[in-house]
Amino acid sequence: MLPVPERRTPGIRLLPLVAALAIMLGVTAWPRVLAGAQGGADHLAALALFWAMSAGFVAGVGFQPRGWIWRALFGAPACALGLALAVLRTWAAG
């Protein structure tokens, strides 16, 4: 009987986890960073930033979803993409 290969988990990844923690603490301490020029909430920037935070937590703790769509949405590259989109949106909004 052949041994069953163990499924390896990626383990904790520090960069996405630290990014997610920084986003969580930053938005909690300075919620006005997600405000638009008129003082209202910038929902697109918030969407991108919270997507980056979610992806950072999922990838950072080492969870790897089985479905390719979920892996694409909650992987480390998604964290970087969401963060870049939030920065671009905030910069473009002024």
Side-chain angles (χ1 to χ4, degrees):
M1 182 171 196
L2 295 174
V4 177
E6 287 187 36
R7 187 174 181 170
R8 298 189 67 180
T9 58
I12 290 179
R13 291 187 233 168
L14 282 181
L15 189 58
L17 187 59
V18 168
L21 288 171
I23 293 168
M24 179 185 73
L25 294 174
V27 171
T28 301
W30 298 286
R32 293 194 53 84
V33 74
L34 293 174
Q38 304 298 323
D42 188 350
H43 295 284
L44 289 177
L47 174 72
L49 200 58
F50 291 134
W51 173 42
M53 182 183 74
S54 301
F57 277 127
V58 170
V61 299
F63 182 73
Q64 193 170 23
R66 289 185 181 193
W68 66 271
I69 292 175
W70 302 116
R71 277 198 307 268
L73 285 175
F74 294 107
C79 177
L81 179 64
L83 191 57
L85 288 175
V87 168
L88 283 175
R89 173 66 183 172
T90 304
W91 178 71

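Below, all heavy atoms of this structure are taken into account, side chains as well, without hydrogens, waters or symmetry copies. Numbers here are sequence positions counted from 1.
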Output for pair (L44 CG, L34 CG), nearest 0.5 Å, gives 11.0 Å

If Ile, Leu, Val, Met, Phe, Trp and Tyr residues are connected whenever their side-chain heavy atoms lie under 4.5 Å apart, and connections chain through other members, are L81 and W91 in the same group? no

R89: which residues meet the salt bridge (Lys or Arg N to Asp or Glu O under 4.0 Å) condition with it, sequence neighbours left out? D42

Is I12 atom CD1 crowded by more than 12 heavy atoms from other residues, nucleotides or ligands, each under 6.0 Å away? no

Honestly curious: do F50 and V33 fall in one hydrophobic cluster under the side-chain, below-4.5 Å linking rule? yes

Applying the 4.5 Å side-chain criterion to the ILVMFWY set and letting contacts propagate, would W30 and L83 be lumped into a single cluster? no

ILVMFWY network linking I23 to F63, side-chain heavy atoms under 4.5 angstrom: yes

Nearest heavy-atom approach of G75 to A55 is O-CB, 3.7 Å

Give a yes or no answer on whether the side chain of R13 reaches the backbone of V61 with a donor-acceptor pair at less than 3.5 Å. no

Is there a path of hydrophobic side-chain contacts, each under 4.5 Å between heavy atoms of I, L, V, M, F, W or Y residues, that connects F57 with L15? no

To the nearest 0.5 Å, tell me how far T90 OG1 sits from L85 CG. 10.5 Å

What residue pairs, at least two apart or across chains, pass side chain to side chain donor-acceptor pair (under 3.5 Å) with a residue in residues 47-63? none

Nearest non-hydrogen partners of P16 and A76, listed with the distance: CG-CB, 4.0 Å

